[in-house]
2 protein chains.
Amino acid sequence: MAEGNTIFIGRKNVMSYVLAIVTQFNNSAKEVHIRARGNLISRAVDVAEIARSKFVQGAKVRGISISTDDVPCEDGSVSKVSAIEIILEKL
Amino acid sequence: MAEGNTIFIGRKNVMSYVLAIVTQFNNSAKEVHIRARGNLISRAVDVAEIARSKFVQGAKVRGISISTDDVPCEDGSVSKVSAIEIILEKL
């Protein structure tokens with residue numbers, strides 16, 4: 001998978017990411033990976049659901065995985081943070 | 001699936017739900033469904049990851065699905081809210 005097909009969810013509003021997904025599918029991507037960590041996981045699900053149901057015709061969820069990432073802190077310690085990856089595909 | 005095997009994630013702390021999952025597996029449940037809506041989706045992923053990796057030996061994620069639920073508001077209108085269901089199974 002090309003890295004360009006991955007959308008990392010941050011603090012922008014939901015529609016910014018929906019637009020990014022629509023753009024990738026319009027550029028003939030077959031699938032788009034949506035990734036998020038921590039509290040942003042809820043926003044990733046919102047983005048996937050809105051893109052799939054309202055903006056990308058024929059899109060469906062191909063797979064979802066969850067994991068635990070190690071995130072280095074400023075003081076040198078490591079925090080564990082939950083992460084999600086949602087794969088949308090267009091048929 | 002028996003309804004008793006479903007854990008609905010609310011505003012309690014993460015470990016309360018982890019404990020509920022451990023209890024269900026100890027009562028010989030083969031699988032536990034974790035459900036959450038809106039901002040609580042992130043907490044559901046935390047709960048699943050902590051239960052799986054630290055507290056339930058041999059547990060793994062059997063499947064994850066996302067959806068959009070219609071939630072009635074007080075004024076009679078209907079809001080759309082994202083939802084997640086994570087199925088943990090013990091082998």
Side-chain angles (χ1 to χ4, degrees), chain A residues 7-19 21-22 31-71 73 78-90, chain B residues 7-19 21-22 31-71 73 78-90:
Chain A
I7 310 268
F8 292 93
I9 303 297
R11 302 263 166 214
K12 290 186 212 164
N13 69 61
V14 166
M15 290 310 294
S16 307
Y17 301 107
V18 172
L19 181 63
I21 292 170
V22 171
E31 60 183 46
V32 174
H33 295 231
I34 303 164
R35 299 184 69 169
R37 276 178 181 166
N39 286 334
L40 296 169
I41 289 173
S42 305
R43 190 169 307 181
V45 175
D46 287 340
V47 167
E49 280 293 294
I50 292 171
R52 179 187 65 75
S53 64
K54 296 226 174 86
F55 291 95
V56 186
Q57 286 218 329
K60 70 185 200 74
V61 175
R62 186 163 75 77
I64 306 172
S65 60
I66 58 175
S67 57
T68 304
D69 286 1
D70 290 330
V71 178
C73 300
V78 172
S79 284
K80 292 194 176 295
V81 178
S82 298
I84 197 168
E85 180 170 39
I86 302 169
I87 304 174
L88 285 184
E89 70 178 353
K90 188 174 173 178
Chain B
I7 309 269
F8 292 92
I9 303 298
R11 302 263 166 215
K12 291 188 213 163
N13 69 63
V14 165
M15 289 311 294
S16 306
Y17 302 106
V18 172
L19 182 63
I21 292 170
V22 171
E31 60 182 48
V32 174
H33 295 231
I34 303 164
R35 299 185 69 169
R37 276 178 180 166
N39 286 334
L40 295 169
I41 288 173
S42 305
R43 191 169 307 183
V45 175
D46 287 340
V47 167
E49 279 294 293
I50 292 170
R52 180 187 64 75
S53 64
K54 296 225 172 86
F55 291 95
V56 186
Q57 286 219 328
K60 70 185 199 73
V61 175
R62 185 162 77 77
I64 305 173
S65 61
I66 59 176
S67 58
T68 304
D69 286 0
D70 290 330
V71 178
C73 299
V78 172
S79 284
K80 292 194 177 296
V81 178
S82 299
I84 196 168
E85 180 170 41
I86 303 169
I87 304 173
L88 285 185
E89 69 178 352
K90 188 175 173 178

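The figures here come from the full heavy-atom set of this structure, side chains too, leaving out hydrogens, waters and symmetry mates. Labels below follow one simple rule: chain letters A, B, ... track the order of the sequence lines, proteins then strands, and each chain is numbered from 1.
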Against chain B, label [X] side chain, backbone, both or neither, depending on which of its atoms sit under 4.5 Å from a heavy atom there.
| X | answer |
| --- | --- |
| A/S65 | backbone |
| A/A83 | backbone |
| A/V45 | both |

Over 12 non-hydrogen atoms of neighbours within 6.0 angstrom of NZ in A/K60: yes
Note, A/I84 side chain near B/I41 side chain (heavy atom, < 4.5 Å): no
Please tell me whether A/E49 and B/T68 have a donor and an acceptor in their side chains that are separated by less than 3.5 angstrom. yes
Do the side-chain N and O atoms of B/S42 and A/N39 include a donor-acceptor pair separated by under 3.5 angstrom? no
First locate atom OG of A/S67, then atom CZ of B/R52, and finally report the distance between them rounded to the nearest 0.5 Å. 8.5 Å
